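Following: one structure in structure tokens, then a few remarks.
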Amino acid sequence: MEQLTLQPISRIDGEVNVPGSKSLSNRALLLAALADGETTLTNLLDSDDIRHMLVALEKLGVRYELSDSKTECKVQGIGGKFKVTGETELFLGNAGTAMRPLCAVLAASDVLVTLTGEPRMEERPIGDLVDALLEAGADVTYLKNKGYPPLRIAGGSLSADEVSVDGSVSSQFLTAILMAAPLFASDTLIKIKGELVSKPYIDITLDTMAKFGIDVVNNDYASFEVKGNQTYKAPGRFMVEGDASSASYFLAAGAIKGGTVKVTGIGSKSIQGDIRFADVLEAMGAKVEWDDESITVTGAPLKGVDLDMNHIPDAAMTIATTALFAEGPTSIRNIYNWRVKETDRLNAMATELEKLGAKVEEGHDYITVWPTTTLNHAAIDTYNDHRVAMCFSLVALSDTPVTINDPGCTAKTFPDYFDRFATICH
Ligand SMILES: O=C(O)C1=C[C@@H](OP(=O)(O)O)[C@@H](O)[C@H](O)C1
Ligand SMILES: C=C(OP(=O)(O)O)C(=O)O
């Protein structure tokens, strides 16, 4: 297995332009494919999750041209539902932003498809989304375990005056129904069951749909109204913002060991909820400056915090390792769904932090981390989880080296993460 050892870093300083947002890239690609007209996407993320969406769209008959850098893509929209004859298999890796929205859109299209993925994808729930689609008349069957991919979808006309979707495990189920609902044969009232998690991702969905010409009525996140029989309209150009979750590692490094780190490509105008990660760093004691297109963090002594981070589930992982550098314990709360992402992240983070010598309490839906004066040099297992690999790079900001097992797993969302991280390490 490949390993990367990072030696202790004495100073952090610099500017980093983060690659395009995963969440926006995959939403915009799918809507550009469905839209009437041509869309040029710029600053597209080039990573495994996006590649899976691109390959799937190609198999669904969508024509696009990808630039050599793979960050610009001209998509010829099909102007309606997908129509493919014969049976098609789409392999979607471990990309939730491909699996969930494609599942819903394909259920409403004229296709016969199987959706498959990596072994971990077969353990990531999708039953709440399938249940909602069944209410609208979809034909979806589980090929292995009930409630999990792989799935077989015999697409067709969907309609329901009302569908209810449970939002308490993943917001991606609601995102998927929202994106598919304009293709339904009737107007739909989408009602949310349970406590909606990761709410800011719904704002990304609604904002992207609006840019593709579809307005949704949002009744305070309790229900949503979407008109049926609509066609997405190509906006001409769609510029993908930088990825706010990817920014978190650089911003945290600045907070811990700055110097000053300026991240460009996202800023106060960003639609991504993960920009609120900078507020957590500020609450811990770092100095944060906002611009429309950048966020700048300057280091200061940090103190532990006790916060609900349900709204920033991905960036919150970065707080778990930042906590090693704060005075006093840090609790990250209301993050049960860490358990159903790339790995059981609550367990993975607790296990790896303990290897470093930190005291950790792993709760059902929270984690508390106590800093320790000396850290052990450990080989961090990454569980094929890009974020475990990236957030443990921060351990090198201590006096102890850190070894990251399988650093290549960052390819899911940030293939050259370690090279970019090196540019701010001095
Ligand atoms: O819609 C999205 O783009 C995402 C929603 C979040 O998932 P959950 O809603 O499952 O928390 C997030 O963790 C994921 O990385 C991306
Ligand atoms: C949870 C994540 O990914 P996915 O989009 O596959 O859910 C993530 O990127 O942290």
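For this chain, numbers begin at 1 and follow the sequence in order. Keep in mind that this is a model prediction, so the values were computed, not measured. Order of listing sets the numbers, starting from 1, for every ligand and every atom in it.
Salt bridge absent: Lys233 and Asp36 never bring a charged side-chain N and a carboxylate O closer than 4.0 Å. With salt bridges taken as basic N to acidic carboxylate O contacts below 4.0 Å, one links Asp381 and Lys355. Looking at Arg152 and Glu87, a side-chain N of the basic residue comes within less than 4.0 Å of a carboxylate O on the acidic one, giving a salt bridge. A salt bridge links Lys191 and Glu162; the closest N-O separation between the charged side-chain nitrogens and carboxylate oxygens is under 4.0 Å. Between Arg345 and Asp385, at least one side-chain nitrogen of the basic residue sits less than 4.0 Å from a carboxylate oxygen of the acidic one, meeting the salt-bridge criterion.
Not one N or O of Ala95 is nearer than 3.5 Å to an N or O of ligand 2, by distance alone. Note: no N/O pair closer than 3.5 Å links Thr97 and ligand 1 by distance alone. For ligand 1, the polar-atom distance check against Tyr201 finds no nitrogen or oxygen pair separated by under 3.5 Å. Considering backbone and side-chain N/O atoms, Ser198 comes within less than 3.5 Å of an N/O atom of ligand 1. Considering both main-chain and side-chain atoms, Thr175 never comes within under 3.5 Å of ligand 1 through any nitrogen or oxygen pair. The shortest N or O to N or O distance between Ser23 and ligand 1 is below 3.5 Å.
Applying the ring pair (Phe, Tyr, Trp, His ring centres under 6.0 Å) rule to Phe421 yields the partners Tyr417; only residues at least two apart in sequence or on another chain are considered.
Protein heavy atom in closest approach to atom 10 (O) of ligand 2: Arg387 NE, 2.6 Å. Of the protein's heavy atoms, Asp314 OD2, 3.4 Å lies nearest to atom 12 (C) of ligand 1. For atom 5 (O) of ligand 2, the nearest protein heavy atom (residue, atom name, distance) is Lys22 NZ, 2.7 Å. Of the protein's heavy atoms, Glu342 OE2, 3.0 Å lies nearest to atom 2 (C) of ligand 2. Considering only non-hydrogen protein atoms, atom 9 (O) of ligand 1 sits nearest to Ser171 OG, 2.6 Å. When only non-hydrogen protein atoms are considered, atom 10 (O) of ligand 1 lies nearest to Ser170 OG, 2.6 Å. From the protein, the heavy atom lying nearest to atom 7 (O) of ligand 1 is Lys341 NZ, 3.2 Å.
Contacts of His52 with ligand 2, taken as heavy-atom pairs under 4.0 Å, are absent altogether. Neither the backbone nor the side chain of Met99 has any atom closer than 4.0 Å to an atom of ligand 2 (non-hydrogen atoms only). Residue contacts with ligand 1 for Asn26 are absent, since no atom lies close enough (heavy atoms, distance under 4.0 Å). In Asp314, the part holding a heavy atom less than 4.0 Å from any atom of ligand 2 is the side chain.
Residue Met317 places every heavy atom at 4.0 Å or more from ligand 2. Using a 4.0 Å heavy-atom cutoff, Met390 is absent from the residues neighbouring ligand 2.
Side-chain contact of Asn94 with Arg124: a donor-acceptor pair under 3.5 Å is present, judged by distance alone. A donor-acceptor contact under 3.5 angstrom links the side chains of Glu352 and Tyr383, judged on distance only. In summary, the side chains of Gln76 and Arg63 do not present any donor paired with an acceptor at a separation below 3.5 Å, with no hydrogens or angles considered.
Each of the following atoms of ligand 2 lies closer than 4.0 Å to a heavy atom of Thr97: 5 (O). When each atom of ligand 1 is checked for a heavy atom of Arg27 under 4.0 Å away, the hits are 1 (O), 2 (C), 3 (O).
Every pair passing salt bridge (charged side-chain N to carboxylate O under 4.0 Å, His left out) that includes a residue from residues 205-223 is listed here, sequence neighbours excluded: Asp207-Lys211.
Side-chain rings of Phe91 and His52 approach one another, their centers coming within less than 6.0 Å.
Both tests hold for Lys199 against Tyr221: distance to the six-membered ring centre under 6.0 Å, angle to the ring axis within 45°.
The side chain to side chain contact (heavy atoms under 4.5 Å, CB included) test with Ile335 singles out one residue from Val197, Leu346, Asn310, and that residue is Leu346.
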